[in-house]
Structure formats: structure tokens, C-alpha cells
Amino acid sequence: MWEKLTGLADSLRDRPILSLFNEDSARFQTFSARAEGLLFDYSKTNIDADVMAALLELCENADLAGKRAAMFGGEKINDTEGRAVLHTALRNLDATPVMVDGEDVMPGVLDTLARMEAFADDLREGRFTGQGGAITDVVNIGIGGSDLGPVMLDIALSPYRDGPRIHYVSNVDGAHIHDALQGLDPSTTLVIVASKTFTTIETMTNAETARKWMAQQVSDTGAQFAALSSNLEKTTQWGIDPCRVFGFEDWVGGRYSLWGPIGLSVMLATGPATFRELLSGAQAMDHHFRDAPLADNLPVLLALTGIWHNQGLGYATRAVLPYEQRLLRLPAYLQQLEMESNGKRVSMDGSDLPVHSGPVVWGEPGTNGQHAFYQLIHQGTRVVPCEFMAGIKGHEPDLAHQHDLLLANCLAQSEALMLGRSLEEATALMSDKGFTGEELSRQAAHRVFPGNRPSTTLLYPQLTAFVLGQIIALYEHRVFVEGVILGINSFDQWGVELGKELALKLAPILSGDQSSADKDGSTAGLIAAIQSAR
Ligand SMILES: O=P(O)(O)OC[C@H]1O[C@](O)(CO)[C@@H](O)[C@@H]1O
């Protein structure tokens, strides 16, 4: 199945991308696609018509259309956990029926959304208060999918923020909750415990700490706690009033959960209307993904460029480079979305993957990244496919000149990556500066850029809630498509379990209650070093 692609990759690896533009003046039009205001340009890659045909063949062979229908249709495609995968139902605002085990899940989804909206309105309009008056601060305690999505959205939607201040606590490191609670008044603070399972050690430990902190000033601490979870039994056991528990079903994966109750903190900060805009944007992308032909389908095209670069050409990482400061936490969010989903070594049937799993995903907003790691991207020995993204318009009309500079930088980087600078050009440059002989060669060598480095660019009109919904759903579906082509289950995460189990066993050893005798030499040595220094 992979031979055709890897064969093409071997023969085309060094072909200059620039030559493709010289041969075809319409290359940009052919190798870019639009959907509902978004423009995805993948012309600055080595993909040509043959490569695209081979990539689309992979989609056919993997029955992408059938698997997509199975996902939207509520089939239990997460078969190592026996679950459907229906984050799309959370933004199915038209309420068209979505069946799981013969039952329409939409009435429940919309009922929870309405409850969240009523609670958000009550809190934002001062009808729900703390013991000391209107809620001024909300502390959202969660980790992984119960944190990264809301944190990313909170920053991205800052122009729309008009509610209480939100503070996010995720790390079990006591420093995190200590610093977050500094200066907050417990009597006007709401604590949200966000955990799908309601068993995650980091979250439950931080929630206990928050409860103790609140008890110092608030007599009925339970009245200022809310929970977002699938485990209603545990939220009740923990003492959270069911009227402030917002539940969701097991068919919402943690890293796909920001569209439902896990997004409550964002709704509190920006209001129900903005949250609905976010859902509408995602829904628009769902429709596009479901209905557009594969060759014009943005999530499919984004996935295929990923497959070409990672499994075809063997590039091990990809950089996500938003030229949008408010997408500061998008790379971190995508790290979980992509790497927890597609970082798997076996196919659905348990056999070893014939190709690499999904790539390492990393990044940072431009222009900051330019002054940090772009050196390696331009002149390092490894090729890093870059995924640029930028809004055509900012939210600061008075600072439009800065936005133009931002866009100029974004375009300059993808251009520089493709064009590079030859030894002849570098030599001429340094010769003009007066260098001669061996010193000219030496100085010129340092100024050569190999170029021919691939990148894609996603342009969007402006970072509104709607557009943000589109972008996140685009990446979600990209992960799905890559997972289908790889033949893996993108919706479980067994790889995080072993470390959790070992941490639980190590805790009593570290505290001295158990012996480290059965530990490997390094771990035992580290334990001894920690214990002896206490
Ligand atoms: O929401 P929960 O159940 O606390 O889980 C938090 C995170 O832990 C994981 O299970 C593993 O890291 C993630 O998939 C999940 O997002």
C-alpha cells in the first residue's frame, strides 16, 4: 500500500519546489483549496499531480469515506475502549439525530448546553454568587484534554472576554495551584473540577487543595464548586451538588472535549453567544469535511501533506507556526490532539505499523519563534515541514501597520524556506562586503541556505470565535484522516498508562513507606539522592 508513495518520495526528494512553479503558472490555484473563508496553500511542497493521486489512493484503500461515515454515524470506532467517537455531536447545533446504540444523543447534548448557558448567564449577571458576593474569579482545575483546550481558547478569544477572570491549574506541582490561588478571594471564587474520569491524580489532588483553601473562609465550600465529568457517581461522592455538575458521555474523548462541558470556563469568560459561534464554526468545518470531495477537502489535504512529509519523505517532526500571538497555546493543544491520537505503534488489528506513526508536533507563534529556533529550520541538517497560519486582519485596527509587518514576516519565512540562498549568491554578497580568497569562501559557506524546504500556509479572515472553531475542527479531522490512513485507533491513549501506574507505586517509596529494593539501579539511585537531601 505504501510502496507507490515511498517510491515517489525517493525519486522526488531533491526536486526543487521552485521548479514546479516555473513549470506551471497556475500551481498556486491547483495546490490550494478554500472552504468557508479559509485558504489552505500547499503549493510550497513537493506535491504534484502524481503524488496527490497516490495520496488520494491511500484514502481510497483505507476506505476513508466509509470510516468518516462510521464516525459521524456513531459507530464504535474506538474499538479498544468500545466507544463511539462523537465530539461532532457537541456542535451539531441543528440537532439532526445522532444515534448511539439506537438512541438519539442530541436531546441530551442540547439539554446540557442549555444548562451550561443558564449557569453562565446566572454567574455573569450576578444571580449565582459566592458567599462574599458576585464571582470575580474562576479556577479551572483539570489536565490534558480537560485543560489544554480551554487554556488555548481562553487566550485566543481574549478580545471577547468580558466575564470573570479565569485561572487554570493543571500540574500536580504544588507551585501551580499555589501561584494560581495567590491574591484570590475564596468567598468570590468558583472552582471548577474538570475531569472526564474524575479519578486523574493531578486533578483530584489539586481539587482537594482548593477545597482546603476555600474552607478557610467559606462555610459551605460545596456551593462554590462545579464539576465537568462523565463520572457522575464520583462527582456526587466528592460532594458537588448535581445542579452544578455538567456531564458528558464516554463518546467524547478527553482531547476532543472542549466543545461541551469542558468548555464551561470559556463560556463563563466570553459568554454563551461567543461559545455558540465557536460551535458554529466547528459545525461548518464538520459539514465541509463530510460533504466536500476529497481532493478539495481541507482536513483531507492537510492530512495528506502530513502523510507525504512524515510517512513519505520521512521527516520526523512538523512545526506549527501561528502568526497570531493569541494562538500562543495552539501548539501545546495540538501536541496532545495529534500525538496522543496518532502516536501509536500498532494498527487496529494489533500488528506493527509498516510505516512511522504520527510525527512530533511542536511550535511557537511567529515572530517570536523566528528569534529562537528558525535558525535550525533554515540551516539545520534536518528538514522540518512548517505549517504557517495567519489571520488576514487583526483585532486592533489602530495597529494595522504592525499586523502588516506580522504578515510580511510570515510570508517571508515560507518564501525563504523554499528559495534558500545558493553558494554563488552568498559569495557575491560577501564579496560585496570586501571579503576575498579563503576567507570569502569560509564566510560565504555560513550564509548559504539550502532552501527547498516545504511549508503550508493556512490563511483565515480574522481570529473570531467562528474561525477558531473552524481551525480546531480542521485539525481534529486532519488527525482522523491521518489515523485512518495509518490504520490506527486515534481515539485511545494506552501509552499514558504505564507511567501513571509506576508513579503510583513510586510515591510510597519516595515517602519512605516502602523499600526501593526492586527498582532498577538508576531509579533507586535517584530515590536515594532525593531522600538523603531532604
Ligand atoms: O479528564 P481526565 O479524565 O481527568 O483526563 C485528563 C487527561 O488524561 C488523559 O487520559 C491521559 O493523559 C488524557 O487523555 C486526558 O485528556
Side-chain angles (χ1 to χ4, degrees), residues 77-87 90 112 116 139-154 168-173 176-177 191-211 225-238 240 245-266 329-345 357-358 360-361 472 475-476 479-480 483 488-504:
I77 61 170
N78 173 2
D79 73 353
T80 59
E81 296 183 312
R83 293 174 182 167
V85 173
L86 276 178
H87 44 281
L90 299 177
T112 302
M116 287 168 63
V139 178
N140 186 89
I141 299 176
I143 196 165
S146 300
D147 170 75
L148 288 163
V151 169
M152 177 268 296
L153 293 177
D154 183 68
Y168 291 91
V169 175
S170 51
N171 202 319
V172 78
D173 182 348
H176 201 178
I177 189 147
V191 176
I192 298 177
V193 185
S195 174
K196 178 176 171 182
T197 54
F198 230 69
T199 56
T200 303
I201 190 97
E202 292 93 331
T203 300
M204 300 324 295
T205 306
N206 278 321
E208 232 12 284
T209 302
R211 181 148 66 180
F225 269 75
L228 321 173
S229 185
S230 301
N231 193 340
L232 304 189
E233 206 183 306
K234 284 257 187 290
T235 60
T236 312
Q237 272 170 17
W238 209 81
I240 299 186
V245 174
F246 300 90
F248 53 101
E249 301 295 327
D250 69 1
W251 39 255
V252 180
R255 53 194 175 274
Y256 298 87
S257 63
L258 61 82
W259 315 102
I262 293 296
L264 181 66
S265 57
V266 179
R329 292 296 284 166
L330 181 71
Y333 169 79
L334 290 179
Q335 280 178 334
Q336 189 201 17
L337 182 67
E338 303 205 14
M339 292 160 76
E340 197 166 87
S341 297
N342 287 346
K344 317 268 164 80
R345 52 173 289 281
S357 59
V360 175
V361 178
I472 304 305
Y475 271 88
E476 283 179 349
V479 167
F480 173 77
I488 60 179
N489 181 357
S490 299
F491 300 102
D492 58 11
Q493 54 284 319
W494 300 111
V496 300
E497 293 304 321
L498 182 57
K500 284 187 197 171
E501 283 165 27
L502 293 180
L504 283 180

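First listed ligand is number 1; within each ligand, the first listed atom is number 1. All heavy atoms count here, side chains included; hydrogens, waters and symmetry mates do not.
- Polar contact with ligand 1: present for Q336 (N/O pair, distance under 3.5 Å).
- Residue-level proximity to ligand 1 for V496 is carried by the side chain, the only part with a heavy atom below 4.0 angstrom.
- Among all protein heavy atoms, the one lying closest to atom 16 (O) of ligand 1 is G145 N, 2.7 Å.
- When the options Q493, E340, E202 are ranked by their closest heavy atom to atom 14 (O) of ligand 1, first place goes to E340.
- Residues F225 and R211 meet the side-chain proximity criterion, which asks for heavy atoms closer than 4.5 Å.
- For the pair T112 and P261, the minimum side-chain heavy-atom distance is below 4.5 Å.
- Using a 4.5 Å cut-off on side-chain heavy atoms (C-beta onward), Y256 and V479 make contact.
- The nearest protein atom to atom 7 (C) of ligand 1, hydrogens excluded, is given as I143 O, 3.7 Å; this is a heavy-atom distance.
- If you check which protein heavy atom lies closest to atom 8 (O) of ligand 1, you get K500 NZ, 4.4 Å.
- S490 and N342 are linked by a side-chain donor-acceptor pair at a separation below 3.5 angstrom, with hydrogens and angles left out of the test.
- Y168 meets the ring pair (Phe, Tyr, Trp, His ring centres under 6.0 Å) test with no other residue; sequence neighbours excluded.
- For atom 4 (O) of ligand 1, the candidate residues are T200, L228, N231; the nearest heavy-atom contact is made by T200.
- The protein heavy atom nearest to atom 3 (O) of ligand 1 is T197 OG1, 2.6 Å.
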